[in-house]
**Student:** 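Please find one structure pasted underneath; my questions will follow.
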Amino acid sequence: MSEKPLGFDTLKVRAGYESSEHNYSVAVPIYQTASYDLGGVERAEKLFGLEEAGFLYTRIGNPTVAVLEERLTALDKGTGAVAVASGMAAVAYTLLNLAEGGGRILTTPRLYGGTFDAIKHLFPKFNVHVDFVENSDDPETFRRAIGPDTKAILIESISNPNATILDVEAIAEIAHDNGIPLVIDNTFGTPYLFDSFAHGADIIIYSATKAIGGHGTTLGGVIVENGKFDWSNGKFPHFEEPQYLLRDQATGRERSILEVFPNAPFATRVRLSYLAYFGASLSPFDAFLLIQGLVTLSERIDKQVSNALKIVQYLQSNDRVSWVSHPAADGNAYKTLADKYFPKGAGSIFSFGFKGNEDQLKTFLNAVKLFSYHANVGDARSLIINSPKTTHGELNPEEQAFAGIKPETVRLSIGLEDAEDLIADLEQAFEQAFVETYSL
Ligand SMILES: *Cc1c(COP(=O)(O)O)cnc(C)c1O
């Protein structure tokens, strides 16, 4: 195999699918089936004994879902992936698979609101606890916060809602010095803009609901791994546990997940434990829709990034805006990191500070016509939202302050419309919000 590896755009259209294996169907077929014929007692024994690869039951694997899994594995140059029903399922299964039985996750307060709330309030009830670093911008604070029970560092490649960027390579090194993996939620980065594994990630999480699907129609999540992390270093005994399910069919000897699936032990363990028994499976139809989205990922993201930069410029020159937080914006504190880690652009989701009072902000949000007012991001449609009261509303005021979310924050996710129309929409909404102040 000395052939030149295929490029990203070829893989996003074709990886993981061979038409000759699917009746020469050009489009990826939707395998709308709960179960699969076992074909005979001998084959059934081999399938259930994991001696032969094949599909058994859609809760743990489906050919349409497998195309999505293989395509993302190819795009991120990983060794395996598992798709689940939502981004939150991907977050939850990842963290439980790391710290089940008790452990700590080290993270930053700059997280998706649902993730923040889950690890702070729900996970401790499962004996999975969280530590937040004091200063996310200083990688050494991660080193100082690692304890004997810390099982992983979790970060987001571009944070929500303020689009800040961490020094990923420095944090990866600290994780690896301490024998723990770096988990990156790359939902905002996307596999197109950010190469997580090249910068030190061991596990990648996606909410495929966002840019991967790209059309705001479908929930999904994916966990990808690159097979490099050493799970046998003593911190993860559940990866070394002999299991009856994994026994050698000839001798009956029980084997561990690491022994049987050395290239993708993490994703396989999520599949055989969490997907199998907690059951948040992605439906074949939803996998099909997410695959449709992936086909145009780069083209959409390029246009969204260029649209976003035009809107950043407009907002930066707007005296009714107190600040604009986009990492590639001139003067932004994260510009150096953005240039290093995001050479193709630092995304199209960012926030700005609205200068008026609360009533003016309400008028402004009610006045936008093109922007949709709702909680999703990464949609082909442009979206606007007042994060402190909505997407991050589960954080109390102190938690919001800790996460750097100011009360005047407005988050934008820029879509595929004409930038000029989006700017005109914001402008007329600003005019309505500030009209009374002017007439005084
Ligand atoms: C939306 C989102 C999630 C959760 O994903 P769902 O698909 O909505 O469950 C997790 N992480 C990030 C960064 C997100 O934006």
Side-chain angles (χ1 to χ4, degrees), residues 65 68 72 81-96 105 107-120 122-123 130 136 152-166 168 182-194 196 201 203-224 270 274-275 278-283 286-287 289-290 293-294 301 304 327 342 346-351 374-379 383 385 387 390-395 403-405 409 411-415:
V65 177
L68 177 69
L72 277 161
V82 56
V84 293
S86 69
M88 276 322 296
V91 170
Y93 289 1
T94 297
L95 299 184
L96 290 173
I105 303 293
T107 188
T108 145
R110 296 180 196 158
L111 291 176
Y112 175 68
T115 305
F116 186 105
D117 203 38
I119 59 180
K120 190 154 180 204
L122 180 61
F123 279 63
V130 64
S136 311
I153 296 179
L154 167 70
I155 61 173
E156 293 181 3
S157 56
I158 303 179
S159 77
N160 183 351
N162 288 329
T164 61
I165 294 172
L166 303 179
V168 181
L182 176 65
V183 180
I184 300 190
D185 181 334
N186 190 30
T187 299
F188 279 30
T190 79
Y192 175 61
L193 293 177
F194 184 66
S196 307
I203 308 289
I204 310 173
I205 298 171
Y206 292 108
S207 166
T209 314
K210 314 295 168 52
I212 288 174
H215 295 75
T217 58
T218 311
L219 286 166
V222 185
I223 302 163
V224 193
V270 168
Y274 290 97
L275 208 47
F278 286 4
S281 314
L282 182 66
S283 85
D286 287 352
L289 292 173
L290 296 172
L294 259 187
I301 299 293
Q304 289 178 349
F342 292 85
S348 56
I349 304 157
F350 63 98
S351 61
H374 70 81
N376 195 16
V377 292
D379 194 322
L383 318 170
I385 201 154
S387 295
T390 55
T391 59
H392 289 69
E394 56 276 68
L395 278 63
I405 303 168
T409 302
R411 186 186 75 188
L412 300 179
S413 169
I414 305 303

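One-based numbering along the sequence shown. Counting starts at 1 for both ligands and their atoms, in listed order.
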**Student:** Taking all heavy atoms of Asn376 and all of Gly216, pick out the closest pair and write down the distance.
**Tutor:** ND2-CA, 3.6 Å
**Student:** Test of understanding: with ring pair (Phe, Tyr, Trp, His ring centres under 6.0 Å), list the residues that count as partners of Tyr93, not counting sequence neighbours.
**Tutor:** Tyr274
**Student:** Applying side chain to side chain donor-acceptor pair (under 3.5 Å), run through Thr108 and Ser136 and close with a yes or a no.
**Tutor:** CA-CA 6 Å; Thr108 145; Ser136 311; 2.9 Å; yes
**Student:** So how far is it from Ser157 OG to Leu193 CG, rounded to the nearest 0.5 Å?
**Tutor:** 8.5 Å
**Student:** Do you know which of Asn162, Asn160, Thr409, Thr164 makes side-chain hydrogen bond (donor to acceptor under 3.5 Å, both in side chains) with Ser351?
**Tutor:**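 Going through Asn162, Asn160, Thr409, Thr164 one by one, the side-chain hydrogen bond (donor to acceptor under 3.5 Å, both in side chains) with Ser351 is satisfied by Asn162 alone.
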**Student:** Enumerate the protein residues lying less than 4.0 Å from ligand 1, judged by heavy-atom distances, in chain and residue-number order.
**Tutor:** Ser86, Gly87, Met88, Tyr112, Glu156, Asp185, Thr187, Phe188, Ser207, Thr209, Lys210, Leu219, Gly220
**Student:** Output the distance between atom OH (Tyr112) and atom OG1 (Thr391), rounded to the nearest 0.5 Å.
**Tutor:** 8.0 Å
